[in-house]
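Taking it in order: structure first as structure tokens, then the write-up.
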Amino acid sequence: MAINESAENYLETILILSKKLPVVRSVDIAEELGFKKSSVSVAMKHLREKEHISVDKSGFITLTPSGREIAEMIYERHQLLSAWLVHLGVSEETAVEDACKIEHVISKESFQAIKDHVGGIGLSDGGNKPQGG
């Protein structure tokens, strides 16, 4: 399931948008991330080729099972790490920025150990995540 950080961010963004919008389109992703639509289109092509997303004739983007698995893993990491850092006294802005970096490089083993140690902290924010991670 090796995938680069950029692709992980796109998949996570699709997951988040799918919780807020009835359908997700490239333009929605571009707007959410502050990217050009052309850049998003190239990324969607790569994600489609790797079978992490499907795009129907109307341009609606859906996560495939593999794409959803990656997106949910990254999203869970972001939620828990952000909440944990805030709980430790880090400002919310810094916690979000740091979580965005850590969520892509931390091993499954280390994340699971942190998760076990801190419990369910931060895992029920209703699908809202600040931009940029």
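In what follows, every heavy atom counts, from backbone to side chain, and hydrogens, waters and symmetry copies are set aside.
L17 and I61 fall within the same hydrophobic cluster, defined by Ile, Leu, Val, Met, Phe, Trp and Tyr side-chain heavy atoms under 4.5 Å apart, directly or through other members.
What you find for Y10 and A43 is that their closest heavy atoms are CE1-CB, 3.3 Å.
Every residue meeting the salt bridge (Lys or Arg N to Asp or Glu O under 4.0 Å) condition with E49, not counting sequence neighbours, appears here in chain and number order: K45. Residues forming a salt bridge (Lys or Arg N to Asp or Glu O under 4.0 Å) with E72 (at least two apart in sequence, or on another chain): R68.
The number of heavy-atom neighbours closer than 6.0 Å to CD of Q112, taken from other residues, nucleotides and ligands shown, is above 12.
For the pair E32 and K20, the salt-bridge criterion is met [side-chain N within less than 4.0 Å of a carboxylate O]. Taking the charged nitrogens against the carboxylate oxygens, K115 and E76 do have a contact shorter than 4.0 Å, which makes a salt bridge.
The CD atom of E97 sits 11.5 Å away from atom CD1 of I102, with the distance rounded to the nearest 0.5 Å. Atom-to-atom distance recorded for F35:CZ and T13:OG1 is 8.0 Å, nearest 0.5 angstrom.
Judged by distance alone, the side chains of H104 and N4 never bring a donor and an acceptor atom under 3.5 Å apart. Residues S38 and S41 bring no donor and acceptor atom of their side chains to less than 3.5 Å of each other. With 3.5 Å as the limit, one finds a donor-acceptor pair spanning the side chains of H52 and S66.
Counting only distance, with no hydrogens or angles, the side chain of T94 and the backbone of V90 share no donor-acceptor pair below 3.5 Å.
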